[in-house]
Amino acid sequence: FKALWHRVPNMDSLIAVGTSAAFIYSVYVFYNMIYAVSYGDMTLLHHYAHDLYFESSVVILALISVGKFLETRAKGKTSQAIEKLVELTPDTATVERDGRETEIPIEQVVVGDMVVIRPGQRIPVDGVITEGHTSVDESLLTGESIPVEKNVGDPVSAGSINKTGSVVFEASRIGDDTSLAKIIALVEEAQSSKAPIARMADTISRYFVPTVMGIALVAFIVWYFLGYGFSFALSIAISILVISCPCALGLATPTAIMVGTGVGAKNGILFKNGEALESLGKSGAIVFDKTGTLTTGKPVVTEIVNLSGSPVLELVASLEAKSEHPLSEAIVQKAQEEGLKLLEVSQFSAVPGRGVRGEVDEKTVLAGNATFMNENGIKTDGVKERIESLSDKGQTVLLIGIDGKLAALIAVADVLKESAKEAIEQLTAMGITPYMLTGDNIRTAKAVAAQAGITHVIAEVLPNQKASAVKELQDQGLNVTMVGDGINDAPALVQANDGIAIGTGTDVAIESADVILMREDLMEVVTAVQLSRSTLTNIKENLFWAFIYNVICIPLAAGLLYIPFGIKLNAMFAAAAMSLSSVSVVTNALRLRFFKRKTYKLQKAEENIEVITKEKEKDMEIRFKVDDMSCKHCVARVKGILEEQPGVLNAQVDLDKGEATIECEPGTDLDHIAEELTEAGYPSKPLETIVMPD
């Protein structure tokens, strides 16, 4: 009634008006019957004898209450995912304090505590292992059933189960800061949020309730003036009000959203809100960042072509151990895997953009590109075709020279994740177009795309162009989902209709995304899309049954079949039917708990790869105001600081003008450069930007 007073009648308003009307009319009838008995008017008594609706008011409210009870029990099952997550955190933790082990309540653990975990125990807080090694079951957090090996330096998460060994770890995140607490918070937020389709149901309900009241009033007037009496007309109106209560309409979306997000959390897929759960299934294109998303992000040696017949890996790995280049790490890792020992290196030198050289085991060893070899008098003509062949496979080729002769070719590549090809096939079979987004050149991009089965590639994209590449696809009318893991993916994740972040990626990427995958398995992208589609289908089914129920029942309640067949719907049966409709909608939503990812058969894969390249932004020339320079020593220092900055190609400093001019790549962080100079004692700020001609 409060809602009616404020002119925003809700579902309960229909029940309130219907039962109140029945009760008030029954009181009126009751006093008329007392009057009839008092004066011996048996005609009047018999007239009102069958017009009492006290029992209808009570039974209607009882049935509604039973329906709400069953509905609440069913809805309780939708939040089981959160309950299971909450139960993962143990009540106590064993910590090392004052040289001895002490068991304390979980609330008393502080960052920096050394926590002791034995086999079979749950890990109470997040941390990093400092002693021991073990395997940890993280299935309820990530959905991964296979225990993960953990050694010194590896992170552990609250809620996971220690399986085999005893370990000691340093607590790094406690309370609401743990990964488990954040997962629970995300799931709770998603379950309480509304999807766009739910807002449509709310809008319909806003107009539906007044409309039903209008129908009930019209039906009352029509039956009354047709001569069927006040009591008959009132019973018709009450039936319409009770049976039309759109409780099922209000339950259709929230219950499906709750179950869907819970199922996602169980599978290591976190939806930040109901909108993401609904819209992900509508994706027309999914854009994958290459490095770290489609690929492992860690270069590995894929092939060694030995041209000299003598062992070269030991010599090259010893030399590359002195370098910080990512390819060097791959070669050193390969040597370690084969159990080779690194040798002493002397006269080491690195030539930027060329390669490295040094003396190893009394041999002059060079490792680099063909230009580097030619500059040092080592011929490479005979291996050009082999180099091109390896490059066409997306591999970077390192040439090795020993004592003036070409000794080997070492191919290094950032290999695809195991699940990448299958995920691309499944998405394609589901009618979604996968795109690969990369800064690599066209040849390398096409090679990696061919391995993954991707036929649409956006290559040679600078980090600051990723968001605009996504927007261009959106401008074509596509609903675009972006999958990434790095800091430079954040703008694209925000720009996309839906952003999916790999849980092992950076915090910035995770914060920018709408969906978070707790595992690196790209098949979880397929799972997330299928779960979204299943949830949306379930919502539509619920809305259909809620609407069709009202479409059929309102005419019956209005007495449509009374004149031809004498069939009239009793208000108590109407209440029972309305309650059952609500329970049926919730039960249908609970079917989502049995969701499992489907495998689709790809009819025919495309073979031609379409490559889109972004227009390169031109280099820029920036003029800085630099204060407090007093001598040539200051000039040299400022120049050195500038040329060390990422993206700066060269720098010139003018002492007389107190200015510095740099040539830099687009997207260079000018504010950071100004801060570096200021911290060094030379307050500065950028003055002018000039785009350099081609």
Side-chain angles (χ1 to χ4, degrees), residues 195-197 271-273 275-291 293-294 420-421 423-486 488-502 509 512-515 522 525-526 528-530 532-533 536 600 602-618 666-667:
I197 198 169
F271 292 90
K272 283 191 176 180
N273 49 57
E275 187 172 351
L277 180 59
E278 178 187 330
S279 64
L280 184 62
K282 300 174 184 176
S283 298
I286 295 187
V287 179
F288 290 89
D289 176 56
K290 182 182 82 72
T291 306
T293 302
L294 277 175
K421 187 173 178 62
I424 298 302
E425 286 179 352
Q426 287 301 301
L427 290 172
T428 303
M430 289 162 59
I432 299 172
T433 305
Y435 284 77
M436 185 178 80
L437 189 63
T438 178
D440 288 343
N441 60 57
I442 294 175
R443 171 180 280 182
T444 303
K446 287 183 72 172
V448 175
Q451 293 173 30
I454 294 177
T455 56
H456 295 76
V457 178
I458 306 173
E460 299 181 357
V461 179
L462 295 173
N464 61 336
Q465 294 178 314
K466 288 186 176 182
S468 63
V470 169
K471 188 174 186 309
E472 286 177 12
L473 292 177
Q474 290 173 321
D475 291 341
Q476 297 173 23
L478 293 171
N479 191 306
V480 181
T481 295
M482 173 73 192
V483 185
D485 73 324
N488 58 20
D489 296 327
L493 290 169
V494 173
Q495 174 64 48
N497 298 87
D498 293 289
I500 300 179
I502 307 295
S512 304
D514 303 294
V515 184
L522 291 179
V525 176
V526 179
V529 174
Q530 288 189 12
S532 172
R533 290 183 174 182
L536 189 58
Y600 293 89
L602 183 62
Q603 297 298 324
K604 185 179 180 181
E606 294 182 40
E607 296 181 357
N608 296 325
I609 298 177
E610 177 193 349
V611 181
I612 305 167
T613 56
K614 296 286 288 180
E615 183 181 346
K616 293 285 185 180
E617 294 185 32
K618 298 171 183 177

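If you read the sequence from its start, that first residue is 1, and numbering goes on from there. Given the structure is predicted, the values throughout are model-derived calculations rather than measurements.
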Spatial distance of atom [atom1] ([X]) from atom [atom2] ([Y]) [nearest 0.5 Å]:
X: Ile286; Y: Thr428; atom1: CD1; atom2: OG1; answer: 9.5 Å
X: Leu277; Y: Arg533; atom1: CG; atom2: CZ; answer: 13.5 Å
X: Asp514; Y: Glu275; atom1: CG; atom2: CD; answer: 8.0 Å
X: Lys290; Y: Leu437; atom1: NZ; atom2: CG; answer: 11.0 Å
X: Ile500; Y: Asp289; atom1: CD1; atom2: CG; answer: 13.0 Å
X: Met482; Y: Thr293; atom1: CE; atom2: OG1; answer: 6.5 Å

Looking at side-chain heavy atoms only, is the closest gap between [X] and [Y] below 4.5 Å?
X: Val448; Y: Thr438; result: no
X: Ile458; Y: Leu473; result: yes
X: Gln495; Y: Lys466; result: no
X: Ile424; Y: Leu522; result: no

Where do [X] and [Y] come nearest, in terms of heavy atoms and distance?
X: Val470; Y: Ala492; result: CG2-CB, 4.0 Å
X: Phe271; Y: Ala276; result: CD2-C, 4.1 Å
X: Leu493; Y: Gly484; result: CD2-N, 4.0 Å
X: Lys282; Y: Glu278; result: NZ-OE2, 3.1 Å
X: Gly281; Y: Ser532; result: N-OG, 2.6 Å
X: Ala285; Y: Leu478; result: CB-CD1, 4.0 Å

Between Asn497 and Thr481, is there a donor-acceptor pair closer than 3.5 Å when you use the side chain of the first and the backbone of the second?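 Checked: no pair found.
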